[in-house]
Amino acid sequence: MTLPVRHFDAVIVGAGGAGMRASLQLAQAGLSVAVLSKVFPTRSHTVAAQGGIGASLGNMSEDHWIWHMYDTIKGSDWLGDQDAIEFMCKAAPKVVYELEHFGMPFDRNADGTIYQRPFGGHSANFGEKPVQRACAVADRTGHALLHTLYQRNVKAQTQFFVEWMALDLVRDADGEVLGVTALEMETGEIVILQGKATIFATGGAGRIFAASTNAFINTGDGLGMTARAGLPLEDMEFWQFHPTGVAGAGVLITEGVRGEGGILLNSQGERFMERYAPNLKDLASRDVVSRSMDQEIKEGRGVGPHKDHVLLKLDHLGPEVIMKRLPSIREIAIKFANVDPIKEPIPVVPTIHYQMGGIPVNIHGQVVAPQGGNPNAVVPGFYAVGECSCVSVHGANRLGTNSLLDLVVFGRATGDFIVGENLKARSHKPLPKDAGEAARERVARLDASKGTERVQDVANTLRKTMQAHCGVFRNQQLLSEGVTRVMELAERAQHVAIGDRSQTFNTARVEALELDNLMETAKATIVSAEARRESRGAQARSDYPTRDDVNWLKHTLWYSEGNRLDYKPVNLTPLTVESFPPKARTY
Amino acid sequence: MTGSPPPADPMPSRADAGDGARAMLDATRLARMRWRCRRGMLENDIVLTRFLDARGTDLDEADARALDALLDLTDGELWDVIAGRSEPADAALATMVAALRAA
Ligand SMILES: Cc1cc2nc3c(=O)[nH]c(=O)nc-3n(C[C@H](O)[C@H](O)[C@H](O)COP(=O)(O)OP(=O)(O)OC[C@H]3O[C@@H](n4cnc5c(N)ncnc54)[C@H](O)[C@@H]3O)c2cc1C
């Protein structure tokens, strides 16, 4: 059976900040561009970003891109590639001014320049003192970015395929990527979208953990598709935790609450951060606070019937301060924890927030994989940008505001590179005979399955397992057991069945297909974490508490087939400036 | 955990209404709406899922129209409405807004 085929110059999967920045560059150059999204473009998860986008504009005090570069390398715990980091930090002012010209309504100073707010980890003069580098649109920066890019794309005649779910890559015998198979949710039809370039911009996969700040759509589809195509995923052990997600719900409570004087308490009512960080206490950096909370819970001083969270107390600030400065926090606490923080503390846990690893790419967005001794051989026709990619600018730990920057810088750069490839002069390659067959079979098997497993049961068990075995603090025993459990769950996932076989908006089918992607992402994460015997950035191992540059200054590459691992060197050579050699990461 | 008692039910279950004439939603319409409750902000995802799990099979055409209108809001606007920070311009949506706020 052959599937219907539609042809474009470029096919982009994902309409968040990364996908729409890339599509804009292509559509403006006159290429025909298809952008697929599971949800309406402006409902992509980028909409949730509040804090801002980092760029060394120097509007508040002196600033330089090389200081931003240093902060990013140090933040990455030296796992970031210095060519990519230089490229991003140097380009940052230009892409932010470009967004301003596109009509993004940035907050302003009295003199009309873009206002910039402070953010953790950003400094002047190589760590000397904090610098204000984050450009924001009130607390709706991501929303403003998405709406600005969407309007521009509509004008540039980008073709949106809304409520279409990409299922798998189409590759030919030469290994060239020729597009994707996709499910149109409204009709249930499977179609091949063929492109001369295919770009993944599918965002993060935070839903592999039980406690996550990510929206439900963040299921790692791009990672699953890449892994199933036999390509590696890079540095998947590195996930950033935010210390204060509402227990049981995941919804983020901003750092600002602790800035206003909120404190963390254990089951004994002790302000435990005084023990872990005597100077900064509750205001220590995200990773330090998350680890301390986890330690308290692991040692039995958690709160609640399952002793599985701690408390964020702010009633001592008084109702006026809470109502005036933290109204949205009060709304969140009432809605998602059923407590009024004016009277009672909020139950919180360290919560998964951001995925540093992803599909390995170079600074042109080209997907790369080891081949014939070259660790970074280009996979022809295939590109990735945004949170699903690993370029790698964030290394082992991302700085706040650097993700939105990553989307815009590399979305644009990838677009420019593809424009330079002169796609109009090329014709579409013939598709292999069995193109799309694997995806069609996957859906047919699911529809025909008489298995007894239910998607939600397997997915929820997976999330709990990842949380318990691959959380803030990791050790060999936890991780080894975790790998076994996740592999058992992968087996169970083979036997899921869905009751509903209807064609129109069959959410059960979509969730079953997403489960395949969650599974690949979870395997990549826990297998990579189990093997890395050091602590670096977001990977904190209680049995290997220090960074080990002799053995582990390298990127992990995980392959789905055989759960195989490989490694490649970190690029410590910037494009034009001198290297920043590894040193201790202290703040 | 203690907390305030759950607020009064603004949309009593239709089963009690004894109103056989109401046109209930067909499965396709409901399926489409369920998917459109997938949002970009976790806050909205959670509230909409709670609401649909409790009331999904119990919605009529008028409810669906109201919910559709709310789903057309941007994520930020929708959350502002659910959190009680703003009111929708169209007063006809009040019942649905109250139901979402209670979810
Ligand atoms: C609460 C919160 C606050 C944040 N605040 C900040 C901040 O202030 N500054 C900052 O720099 N970063 C912030 N981040 C991180 C940042 O928002 C994200 O990393 C970034 O928005 C990801 O953008 P993206 O374009 O890669 O993906 P997304 O915006 O997640 O878009 C993914 C797209 O892919 C589509 N898609 C996925 N799978 C498929 C499929 N199978 N078929 C078709 N389409 C598919 C989706 O529909 C969507 O359109 C925050 C994150 C969170 C959770």
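A, B, ... follow the sequence lines: proteins, then strands. Residue 1 opens every chain.
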Any chance you could measure [X], atom [atom1], to [Y], atom [atom2], to the nearest 0.5 Å?
X: A:Asn218; Y: A:Ser212; atom1: CG; atom2: OG; answer: 7.0 Å
X: A:Leu146; Y: A:Thr141; atom1: CG; atom2: OG1; answer: 11.0 Å
X: B:Glu77; Y: A:Arg140; atom1: CD; atom2: CZ; answer: 8.5 Å

Can you tell me which portion of [X] sits under 4.5 Å from chain B's heavy atoms? Options are side chain, backbone, both or neither.
X: A:Ser44; result: backbone
X: A:Glu186; result: side chain
X: A:Lys343; result: neither
X: A:His45; result: both
X: A:Arg207; result: side chain
X: A:Thr46; result: neither
X: A:Val510; result: side chain

At a 4.5 Å cut-off on heavy atoms, which part of [X] comes close to chain A: side chain, backbone, both, or neither?
X: B:Arg36; answer: both
X: B:Ala27; answer: neither
X: B:Leu78; answer: neither
X: B:Asp75; answer: side chain
X: B:Asp80; answer: side chain

| task | Look at A:Ser502, A:Ala249, A:Gly304 and state which one has the largest set of heavy-atom pairs under 4.5 Å with chain B. | result | A:Ala249
| message | One pair to check against side chain to side chain contact (heavy atoms under 4.5 Å, CB included): A:Arg509 and A:Asp500. What are the steps and the verdict? | response | CA-CA 8 Å; A:Arg509 180 185 289 143; A:Asp500 181 1; over 6 Å; no
| request: Classify the angle between the aromatic ring planes of A:His242 and A:His353 as parallel (below 30°), tilted (30 to 60°) or perpendicular (above 60°). | output: perpendicular
| CZ (B:Arg32) with more than 12 external heavy atoms under 6.0 Å | yes
| message | With a 4.0 Å cut-off on N to O distance, would you call A:Glu514 and B:Arg38 a salt bridge? | response | yes
| query | Between A:Leu36 and A:Met165, is a side chain to side chain contact (heavy atoms under 4.5 Å, CB included) present by the stated rule, with each step listed? | reply | CA-CA 7 Å; A:Leu36 284 69; A:Met165 180 184 186; over 6 Å; no
| message | Tell me if the centroids of the rings in A:Phe216 and B:Trp35 come within less than 6.0 Å of each other. | response | no
